[in-house]
Amino acid sequence: MNLLITGGLGFIGSNFIRLLLEKYPKFEIWNLDAMTYAGNPENLHDYVNHSRYHFVKGSICNYELVDYLLSEYNIEAIINFAAESHVDRSISNPDVFVDTNVKGTLTLLNAFKKYRHQVQKYVQISTDEVYGHLGFNDPAFTEKTPIHPRSPYSSSKASADMLVQAFFHTYQLPVVITRCSNNYGPYQFPEKLIPLMIRNIQADKPLPVYGDGSNVRDWIHVTDHCRGILSALEKGTPGEVYNFGGDAEVSNLNMVKYLLKALGKGEDLITFVRDRPGHDLRYAMNFEKATKELGWRPQYDFDTGMQETIKWYLEHDEWVEHCITGEYLEYYSKQYGTKLT
Ligand code: NAD
Ligand code: DAU
């Protein structure tokens, strides 16, 4: 099956492509990625000459390019990972989030409509953040929870989801939406909580915890998320949404303490900083529907996944250091009001 995978040089997309190239010989992949600051060719450097892998540099907002790829390579399914993905960046610069996450998704859907005779499935990679946030005692999000995004990032992802659903209802296109909680694992850009904290702990730098650190995230290993996406591609019912979660709710402060303990450092590096504006309090996913309809459930337990992940970052400090570009240093000093050297 010929797949167009967008955003495949990012964290989750590259893990997904690696999974398919290593374990599923029936897929041939075209990876369309704009190579933003988060799109790192090193994430797939082992596969550049792989016979079933083809890289195309370009944006999902470029209709002519998407049209060309669908027709030229007989694409049979589209999986859209491409996005601006960082909540903090969406707060300081929302426009690009609308461009890629909303208009880019619409561009893919328009091209999909033209090639509906050939493309059998479109999978939109969405997020639990479209549901808004939970109180500490609220039940977990289900697919029936109303959409209530609160950040520019989650609003752009929710808008994209609504367009995807509109193309199902209006044009009967076979689309599926997956919504997942916070991923951890190898190749995550170090602006995100876990790789940022690991790097700062190693360098004995302050660990910037937003607010009082009580906000809770539901952590899932990226490989479990990728397995879920594959099951949605193969078994998902058109028009449906599937939640994926890790069954591992951890407060941010406890996550930072966990990393400190694993790396053998004391807690004096923890620094409470200004809270993220509109900071979502808690996410938790109910994934019973995915278990029932797709036969999916997370396989990693939190400790095993986290220990593997920490080991990976320690063994790949060169990969991490290559992410620390001038752009990253500028972002860091604006975001945290302190220079990272
Ligand atoms: P990421 O930021 O690591 O990667 C995004 C990728 O998209 C990069 O390779 C970037 O170059 C590419 N990209 C950006 N704009 C593009 C454009 N206009 N055209 C083509 N490519 C473009 O993101 P990620 O963490 O891997 O997230 C992937 C997807 O999964 C996103 O849609 C995100 O909303 C969703 N998601 C992420 C998480 C998480 O915990 N990271 C959880 C749930 C859902
Ligand atoms: O829930 C899924 C979402 O998870 C995805 O849709 C997003 O693409 C992904 O970026 C992630 O969003 P979060 O905002 O939850 O992830 P982040 O790693 O930025 O932050 C995790 C938590 O840690 C959040 O509550 C904010 C907090 N945090 C984050 C950073 C970077 C800190 O306290 N300090 C920090 O320096």
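Counting starts at 1 for both ligands and their atoms, in listed order. One-based numbering along the sequence shown.
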Less than 3.5 Å between some nitrogen or oxygen of Y336 and one of ligand 2, yes or no?
-> yes

Just need the protein heavy atom nearest to atom 12 (O) of ligand 2, so name the residue and atom and give the distance.
-> E129 OE2, 2.9 Å

Those residues that, when tested against Q165, pass side chain to side chain donor-acceptor pair (under 3.5 Å) (two or more places apart) = none

Considering the heavy atoms of G7, write down every atom of ligand 1 situated less than 4.0 Å from one of them.
-> 6 (C), 7 (O), 9 (O), 12 (C)

N-O pairing of D138 and R282 below 4.0 Å | no

Taking NZ, NE, NH1 and NH2 as the nitrogens, is one of them in R217 or E249 under 4.0 Å from a carboxylate oxygen of the other?
-> no

Tell me whether the centres of the aromatic rings in F27 and F16 are closer together than 6.0 Å.
-> no

Apply ring pair (Phe, Tyr, Trp, His ring centres under 6.0 Å) to F167 and list each qualifying residue two or more places apart in sequence or on a separate chain.
-> Y171

Consider every N or O of C180 and every N or O of ligand 1, then say whether any pair is closer than 3.5 Å.
-> no

Relative to the heavy atoms of F81, which atoms of ligand 1 are at a distance of less than 4.0 Å?
-> 28 (C), 29 (C), 31 (C), 32 (O)

Answer yes if L173 and I75 sit in the same cluster of Ile, Leu, Val, Met, Phe, Trp and Tyr residues linked by side chain heavy atoms under 4.5 Å apart, and no otherwise.
-> yes

Does an N or O anywhere in L193 fall below 3.5 Å from an N or O of ligand 2?
-> yes

Would you say V209 and V273 make side-chain contact, with heavy atoms under 4.5 Å?
-> no

Short N/O distance, under 3.5 Å, between D128 and ligand 2?
-> yes

Do any N/O atoms on D33 end up under 3.5 angstrom from N/O atoms on ligand 1?
-> yes

State whether K26 and E234 are salt-bridged, where the test is any N-O pair (Lys NZ or Arg NE/NH1/NH2 against Asp/Glu carboxylate O) under 4.0 Å.
-> yes

Judging by distance only, is a nitrogen or oxygen of H279 under 3.5 angstrom from one on ligand 2?
-> yes

NZ/NE/NH1/NH2 to OD/OE distance under 4.0 Å, K311 and E315 = yes

So is there a nitrogen or oxygen of R217 less than 3.5 Å from a nitrogen or oxygen in ligand 2?
-> yes

Basic-acidic side-chain contact under 4.0 Å: K292, E143 = no

Which protein heavy atom lies closest to atom 19 (N) of ligand 1, and at what distance to 0.1 Å?
-> I60 N, 3.0 Å

Note: ligand 2 atoms sitting under 4.0 Å from heavy atoms of P208 are 32 (C), 33 (O), 34 (N), 35 (C), 36 (O)

Mark up the atoms of ligand 2 that fall under 4.0 Å of a heavy atom belonging to E191, in ascending order.
-> 31 (C)

Top protein contact for atom 33 (O) of ligand 2, by heavy-atom distance | Y210 N, 2.9 Å

Going by heavy atoms, is G104 under 4.0 Å from ligand 1?
-> no

Between Y184 and H221, ring centroids under 6.0 Å = yes

S85 neighbourhood, listing ligand 1 atoms whose heavy-atom distance to it stays under 4.0 Å | 1 (P), 2 (O), 23 (O)

Please answer: with hydrophobic residues joined when any side-chain heavy atoms are less than 4.5 Å apart, are L314 and F189 in the same cluster?
-> yes

among protein heavy atoms, the one nearest atom 16 (O) of ligand 2 is N182 ND2, 3.5 Å

Is it true that K121 and E76 have a side-chain N and a carboxylate O under 4.0 angstrom from each other?
-> no

Below 4.0 angstrom from a heavy atom of L9, which ligand 1 atoms are there? Numbered from 1 as shown, please.
-> 9 (O)

A student checking ligand 1 against A82 at a 4.0 Å heavy-atom cut-off should list atoms 7 (O), 20 (C), 21 (N), 22 (C)

May I ask you to check whether Y131 and N243 show a side-chain donor-acceptor distance below 3.5 Å?
-> yes

Closer than 4.0 angstrom: is that true for some heavy atom of M255 and an atom of ligand 2?
-> no

Check: Y187 ring centre within less than 6.0 Å of W319 ring centre = yes

Residue and atom name of the nearest protein heavy atom (relative to atom 8 (O) of ligand 2), distance in Å to one decimal | S85 O, 2.7 Å

So which protein heavy atom does atom 27 (C) of ligand 2 come closest to, and at what separation?
-> N252 ND2, 3.4 Å

Protein heavy-atom partner closest to atom 26 (O) of ligand 1 - residue, atom, separation in Å = I12 N, 2.8 Å

Between K157 and ligand 1, which part of the residue brings a heavy atom under 4.0 Å of the ligand: side chain, backbone, both or neither?
-> side chain

Could you list which atoms of ligand 1 come closer than 4.0 Å to a heavy atom of N182?
-> 40 (O)

Under 3.5 Å, N or O to N or O, is N80 touching ligand 1 that way?
-> no

Ion pair present between D224 and R297, side-chain N to carboxylate O less than 4.0 angstrom?
-> no

For N183, is at least one N or O under 3.5 Å away from an N or O on ligand 1?
-> yes

Considering only heavy atoms of I125, which atoms of ligand 1 have at least one such atom less than 4.0 Å away?
-> 30 (O), 32 (O), 35 (C)

N or O contact, E84 vs ligand 1, cut-off under 3.5 Å = no

A student checking ligand 1 against Y153 at a 4.0 Å heavy-atom cut-off should list atoms 33 (C), 34 (O)

Flag the pair F302 / W219 as yes when their ring centroid distance falls below 6.0 Å, and as no otherwise.
-> no

State whether the shortest distance between N or O atoms of L196 and N or O atoms of ligand 2 falls below 3.5 angstrom.
-> no

